[in-house]
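Each chain gets a letter, A, B and so on, in the order the sequences are listed, and its residues count up from 1.
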Protein chains: 2
Amino acid sequence: MVTLADVARHAGVSSSTVSYVLSGKRSISTPTRQRIEKAITDLGYHPNAGARALAGKRSHIIALVVPLHTEVYVPTMMEIAISVTVTARQYGYDVLLITNDEGPEGVRRVAASGLADGVILMDVRLDDDRLPALRAQGTPAALIGIPDDPSGLACVDHDFAAAGALCVDHLADLGHRDLAFVGYPPRVYQRHAGYAERTLNGFRRRAEQRGLRVLHRPCEGTYESTAGTLARILADRPGTTGFVVQNEGAVGPLLSLLRTTGRTVPEDASVVAICPDQLAEQYAPRLTAVTGPRKELGQVAVEQVLARIDAAAAGGAAPDDALLLLAPDLVVRESTAPAPRRVTTTEEPST
Amino acid sequence: MVTLADVARHAGVSSSTVSYVLSGKRSISTPTRQRIEKAITDLGYHPNAGARALAGKRSHIIALVVPLHTEVYVPTMMEIAISVTVTARQYGYDVLLITNDEGPEGVRRVAASGLADGVILMDVRLDDDRLPALRAQGTPAALIGIPDDPSGLACVDHDFAAAGALCVDHLADLGHRDLAFVGYPPRVYQRHAGYAERTLNGFRRRAEQRGLRVLHRPCEGTYESTAGTLARILADRPGTTGFVVQNEGAVGPLLSLLRTTGRTVPEDASVVAICPDQLAEQYAPRLTAVTGPRKELGQVAVEQVLARIDAAAAGGAAPDDALLLLAPDLVVRESTAPAPRRVTTTEEPST
DNA sequence: GGTGAGCGTCGACGCGCTTCGATGTGCGAA
DNA sequence: TTCGCACATCGAAGCGCGTCGACGCTCACC
């Protein structure tokens with residue numbers, strides 16, 4: 001193992017000089033700097049992470065807490081995780097993977113031991129039990145998702161309300177008057193996943209503004225459950241022509257089922273999915289879809305934690321809480337079209 | 001921050017005694033041990049990771065290198081990553097997430113800096129460029145996947161050859177004589193992903209043994225490309241009744257296309273997928289599928305690295321290389337049935 | 001030509017922990 | 001009673017790096 005002292009000896013300087021070259025915290029004359037840099041590459045020196053963490057009081061590691069359950073769409077989660085990792089590297093940080101099976105204790109352990117300088121939490125629940133630990137320890141943190149009480153914390157998320165509204169606008173512009181929202185399984189709403197609720201709220205509010213009638217139906221996402229969900233929608237509101245789906249598992253079944261019940265998409269029924277573009281492209285017809293920027297989510301989260309880590313190190317006061325909602329995009333593809341002419345109208349929609 | 005010395009003072013012993021209680025490397029009398037343990041919980045002591053790594057020459061971290069490209073089925077990768085993390089925790093280790101965009105340099109950096117004690121590589125290529133760095137440094141490592149030259153390395157993987165053979169056996173037992181293998185996109189074979197090649201080899205070899213005729217067709221996995229692939233298969237070998245699919249994206253399109261070309265599954269054509277059970281259950285009909293044990297893959301990989309880390313610490317010689325292939329399972333569902341009676345046979349299959 | 005400022009460099013200390021050799025205690029065997 | 005041998009505990013020496021205060025040199029300026 002090559003140490004700082006080896007490099008210093010090789011370059012004919014003291015070890016502190018080498019340290020200052022590495023950190024840039026004091027000015028070093030160009031010739032000595034070059035001599036030291038040459039020694040570093042010659043010897044293949046890599047600073048020892050443990051010693052650096054001990055002396056510098058910074059591990060240059062941030063912990064990423066990922067959910068265990070598979071209710072969220074895994075590729076999206078992975079994309080965020082990767083974006084977090086890549087972004088962190090750009091700032092000289094590495095990422096430690098923490099699974100949620102340790103619960104709040106995991107966060108506490110990692111922060112208290114100085115293993116990680118900060119924490120990024122994914123899949124934040126409205127009443128998340130990891131937040132008290134974070135606040136109590138004053139651990140620099142960023143949440144991906146929004147809890148009930150975001151005070152003092154940095155929260156980053158898609159603007160799901162805007163996503164819901166975007167769907168309504170698109171369908172309303174196409175002349176649809178009766179919309180159905182096929183959502184996540186009931187347990188997702190029950191455990192207060194914020195994104196599900198906020199999408200729904202944005203959807204409902206905009207629908208009300210634009211005078212559309214809406215139905216919300218949670219759905220397990222299997223073929224059978226989707227069949228049941230669709231049957232109930234068509235029974236309750238036979239004139240429904242616009243479907244908004246926020247449930248990756250239900251999309252495929254829904255398309256098949258619409259087809260087998262004699263409705264072609266998009267001529268007879270329009271479908272807007274709230275899902276990654278990658279998924280939307282896979283279906284036939286390709287889906288008009290609303291997507292949030294996943295990579296940016298990870299980037300912003302990292303920048304938020306790092307800002308808080310720096311603030312804490314500078315002894316600064318607790319930084320302001322931040323609530324960053326990233327705007328979604330709607331991409332029009334082949335699954336939406338103007339509403340069909342109404343043949344049988346039982347009642348007029350409310351204004 | 002609470003330190004070892006604080007605990008020692010609180011318990012009225014020297015700090016080395018506390019250290020020995022923590023590590024268990026020397027016997028401590030029961031009363032003092034209990035006093036120390038009480039002090040630890042009273043004070044909420046967490047050993048400082050950096051100091052521990054520095055003094056103990058072990059970071060208790062293993063690095064997990066994950067691929068960036070999305071050609072592999074992400075949920076499976078995630079499942080393995082999570083299983084690695086959970087298993088590592090059971091042994092007192094944490095997991096550092098490394099993306100492949102750093103290339104071989106990432107592995108070198110993490111190992112040389114002592115950030116990680118060992119490395120687990122996912123998505124190993126036959127001629128993987130990260131392996132020279134590993135061997136040169138003697139970094140304890142486990143690969144998930146098998147390279148060209150696995151000598152001196154621990155390799156863990158599904159037994160893909162057995163998976164391919166399992167598909168053939170199942171279809172052959174049902175009386176199918178002409179099989180088609182719908183595989184990954186050409187670039188997967190071109191970059192020598194071992195799993196793709198080995199599946200194909202196992203498939204071909206067993207088919208030859210059992211006297212079946214086979215066709216292999218790479219496939220992009222989109223709807224259009226699958227349509228093209230199927231059309232070519234049926235043009236080349238109209239009597240094909242057994243399909244083996246190893247391409248998650250192609251499964252859905254294939255099922256639809258078989259249906260729309262007038263073949264019902266499983267009466268007219270049988271389909272076996274090589275994919276996670278979770279996916280196989282999502283289709284209609286539910287798919288007969290071959291799956292490898294993902295969780296076990298992560299577990300075994302962790303145990304292999306840890307064994308090598310311990311061996312290296314004990315100054316032991318380089319441990320034997322290990323090549324661990326985990327047996328897959330075939331679950332019969334609704335997509336396979338006895339081959340239909342042959343109506344038009346142009347030629348006999350070769351024995 | 002002397003003075004002060006500022007830049008570049010050095011030496012030493014400490015971060016919190018592990019580990020080794022040494023010390024002290026109690027016991028059974030001689 | 002004495003010797004020796006476990007066992008239990010202690011003290012001190014690092015592990016490799018960051019950082020602070022100090023020192024010496026150069027240069028502009030009076």
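Comparing B/Pro31 and A/Tyr20 against DNA chain D, the residue whose closest nucleotide sits nearer the 5' end is B/Pro31. Between A/Ala51 and B/Arg26, the residue whose closest nucleotide on DNA chain C is further toward the 5' end is A/Ala51. Ranked by how close their nearest DNA chain D nucleotide is to the 5' end, A/Gly56 and B/Lys57 are led by B/Lys57.
On the nucleic acid side, DNA chain C has its first and last nucleotide under 4.0 Å of a heavy atom of chain A at C/dG8 to C/dG16, going 5' to 3'.
Contact between B/Ile28 and B/Tyr20 at its shortest, heavy atoms only, is CD1-CB, 4.1 Å.
Summarising the geometry, the separation between CG on A/Asn48 and P on D/dG16 is reported as 7 Å, rounded to the nearest angstrom. D/dG16 atom C1' lies 19 Å from atom CZ of B/Arg58, rounded to whole Å.
Comparing D/dT9, D/dG16, D/dG11 by their closest approach to the side chain of B/Ser16 singles out D/dG11. Set against D/dC17, D/dA8, D/dC15, the side chain of B/Thr32 has D/dA8 as its closest nucleotide.
Taking the charged nitrogens against the carboxylate oxygens, B/Asp127 and B/Arg125 have no contact shorter than 4.0 Å, which rules out a salt bridge. Between A/Asp310 and A/Arg58 there is a salt bridge, since at least one side-chain N of the basic residue sits less than 4.0 Å from a carboxylate O of the acidic one. The pair B/Glu102-B/Arg109 meets the salt-bridge criterion, with a side-chain N (NZ, NE, NH1 or NH2) lying under 4.0 Å from an Asp/Glu carboxylate O.
For D/dA8, neither phosphate oxygen OP1 nor OP2 lies less than 4.0 angstrom from any side-chain nitrogen or oxygen of B/Ser29.
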Step-by-step side-chain contact (heavy atoms from CB on, under 4.5 Å) determination, A/Val119 to A/Ile62: CA-CA 6 Å; A/Val119 176; A/Ile62 64 187; over 6 Å; no

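Note on B/Leu4: a base of the nucleic acid sits closer than 4.0 angstrom, heavy atoms only. Within the 4.0 angstrom heavy-atom criterion, base atoms lie near A/Ser19.
No side-chain N or O of A/Ser19 forms a donor-acceptor pair with one of A/Ser16 less than 3.5 Å apart.
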